[in-house]
Amino acid sequence: MTYCVGMMMDRGLVFMSDTRTNAGMDNISTFRKTKIWETEGNRVITLLSAGNLATTQAVVSELDEREKAREDRHPSILDVPSMYQAARMIADTLRDVIARHSDTGQRASSVFNATLILGGQIAGGPPRLFLIYPEGNFIEAGPDTPFFQIGEIKYGRPILVRAYDPALSFADAVKLLLVSFDSTVKANLTVGAPFDYHLYATDSLVQGETGRIELDDPYFRTISDGWSEALKQALDSLPAFAAPAQP
């Protein structure tokens, strides 16, 4: 399984993904689920993927192949004029890959399904964030839906819903995401570290800070242990349950 998050912030876009892939509890491996395309001064595009690994690899490979002979393989992710057009192109590619891999045609419920988060900025437009479904359709983030999750979303969602604030600094946004990822890892063994992140600053049009956070990273251990202790203290501070008096 997978857990990936893309968030729109006042400062730009924040992305984080886990790296665990497995074909059973005795076959666990690590694979990067974040892909970044960049033309400095023109565009930075980030793609997060969840679902069938063969499908997501095929989508990224097809997009990369178009860069090797761009004059013969339009459209290219580095040529589309807007993030909306990038979302359309990637959605079409995802739908086509699923259709080719399925013996009965494209089916969102098939074992070949995948879901993507696409975000970035192309010169002349604002930063934009999209959630792309296996059917090939997509939705865009906005004030009412400022972040997207894919994969194993239920365990990490409550902290995002309660604590997300678009005015957060990038450092605080990463802290928030690490709490969300820590909650997910503790509840589901199919999600695991290391975690990859990308912090894109609005109008910079260059790849932002990227990195990988390991399970034994000192800061992550501080966040994980501190969050557990804070929850215990919060629970202890609440009034004890008192059963109502029986008539």
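What you see is a predicted model; the values in this text were computed from it and never measured. Basis for what follows: all heavy atoms, side chains included, without hydrogens, waters or symmetry-related copies.
Side-chain atoms of Thr2 and Lys33 include a donor-acceptor pair closer than 3.5 Å. Using modelled atom types and a 3.5 Å distance limit, the side chains of Thr39 and Asn42 yield no donor-acceptor pair.
Val97 and Ala58 get closest at one heavy-atom pair: CG1-CB, 3.8 Å. Residue Leu129 comes nearest to Phe148 through the heavy atom pair O-CE1, 3.7 Å, listed as atom of the first residue, atom of the second, then distance. Closest of all the heavy-atom pairs between Gly192 and Val185 is CA-CG2, 4.2 Å. Summarising the geometry of Ala167 relative to Arg11, their closest heavy-atom pair is O-NH1, 2.8 Å, with the distance given to 0.1 Å. Looking at every heavy atom in both residues, Phe181 comes nearest to Cys4 through CZ-CA, 4.3 Å.
Atom CE of Met89 and atom OG1 of Thr93 lie 6.0 Å apart (nearest 0.5 Å). Note: Tyr133 OH to Phe138 CZ = 11.5 Å, rounded to the nearest 0.5 Å. Taking CG of Asp10 as the reference point, atom OG1 of Thr202 lies at 8.5 Å (rounded to 0.5 Å). Atom CD1 of Ile77 and atom CG of Asp79 lie 9.5 Å apart (nearest 0.5 Å). Rounding to the nearest 0.5 Å gives a distance of 10.5 Å between CG of Leu199 and CD of Gln207. Between atom CE of residue Met16 and atom CE of residue Met7 there is a gap of 8.0 Å, rounded to the nearest 0.5 Å.
Shown here are the side chain to side chain contact (heavy atoms under 4.5 Å, CB included) partners of Gln85, two or more places apart in sequence or in another chain: Val80, Pro81, Ser82, Arg88. Legend: residues meeting side chain to side chain contact (heavy atoms under 4.5 Å, CB included) with Asn188, ordered by chain and number and at least two apart, are Glu152, Tyr155, Thr190. Partners of Glu40 by side chain to side chain contact (heavy atoms under 4.5 Å, CB included), not counting sequence neighbours, listed by chain and number: Glu38, Val206.
Residues Glu135 and Arg95 have side chains not in contact (no heavy-atom distance under 4.5 Å, counting atoms from C-beta outward). Side-chain contact between Val44 and Trp37 is absent, with no heavy atoms from C-beta onward closer than 4.5 Å. A 4.5 Å side-chain heavy-atom check between Leu94 and Thr55 finds at least one atom pair inside the cut-off. Annotation: side chain of Pro143 is not in contact with side chain of Met8 (no heavy-atom distance under 4.5 Å). By the 4.5 Å heavy-atom criterion applied to side chains, Gln57 and Ser49 are not counted as neighbours.
A salt bridge does not link Asp96 with Arg100: every distance from a Lys NZ or Arg NE/NH1/NH2 to an Asp or Glu carboxylate oxygen is 4.0 Å or more. Between Arg221 and Asp216 there is no salt bridge, since none of the side-chain N atoms of the basic residue sits less than 4.0 Å from a carboxylate O of the acidic one. A salt bridge does not link Asp217 with Arg212: every distance from a Lys NZ or Arg NE/NH1/NH2 to an Asp or Glu carboxylate oxygen is 4.0 Å or more.
Evaluation of the ring pair (Phe, Tyr, Trp, His ring centres under 6.0 Å) test over residues 206-247, restricted to residues two or more places apart or in two chains, returns Phe195-Phe220.
You'll find the ring centres of Tyr197 and Phe15 outside the 6.0 Å limit.
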(message) Quick one, Leu47 with Thr34, criterion side chain to side chain contact (heavy atoms under 4.5 Å, CB included). Give me CA distance, side-chain angles, the key distance, then yes/no.
(response) CA-CA 6 Å; Leu47 186 70; Thr34 300; over 6 Å; no
(request) Would you sort out whether Phe147 and Leu160 count as a side chain to side chain contact (heavy atoms under 4.5 Å, CB included), showing the intermediate values? (result) CA-CA 9 Å; Phe147 61 84; Leu160 297 183; 3.8 Å; yes
(message) Under the criterion side chain to side chain contact (heavy atoms under 4.5 Å, CB included), I'd like the reasoning laid out for Arg32 against Ser17: C-alpha separation, chi angles, the key distance, then a yes or no.
(response) CA-CA 8 Å; Arg32 185 174 176 84; Ser17 64; over 6 Å; no
(request) Under the side-chain hydrogen bond (donor to acceptor under 3.5 Å, both in side chains) rule, what do Thr210 and His198 come out as? Steps first, then yes or no, please. (result) CA-CA 4 Å; Thr210 60; His198 178 209; over 6 Å; no
(message) Please determine whether side chain to side chain contact (heavy atoms under 4.5 Å, CB included) holds for the pair Lys35 and Asp64, giving the CA-CA distance in whole Å, both sets of side-chain angles, and the decisive distance to 0.1 Å.
(response) CA-CA 10 Å; Lys35 172 68 177 179; Asp64 282 340; 3.4 Å; yes
(request) Starting from the C-alpha separation in whole Å, work towards a yes-or-no answer on salt bridge (charged side-chain N to carboxylate O under 4.0 Å, His left out) for Arg128 and Glu140. (result) CA-CA 7 Å; Arg128 300 175 75 175; Glu140 183 173 3; 2.7 Å; yes
If you look only at distance, which donor and acceptor atoms sit under 3.5 Å apart when one is on a side chain in residues 168-180 and the other is two or more places apart or in another chain?
residue	atom	partner	partner atom	Å
Ser169	OG	Asp172	N	3.1
Ser180	OG	Tyr3	OH	2.7
Ser180	OG	Gly156	O	2.8

Less than 3.5 Å apart, which donor and acceptor atoms pair up between the side chains of residues 114-126 and the rest of the protein, not counting sequence neighbours?
residue	atom	partner	partner atom	Å
Gln121	OE1	Tyr200	OH	2.6
Gln121	OE1	Asp203	N	2.8
Gln121	NE2	Gly125	O	2.9
Gln121	NE2	Asp203	OD1	2.7

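Under the 4.5 Å side-chain heavy-atom criterion for ILVMFWY residues, no single connected hydrophobic cluster contains both Leu13 and Met83.
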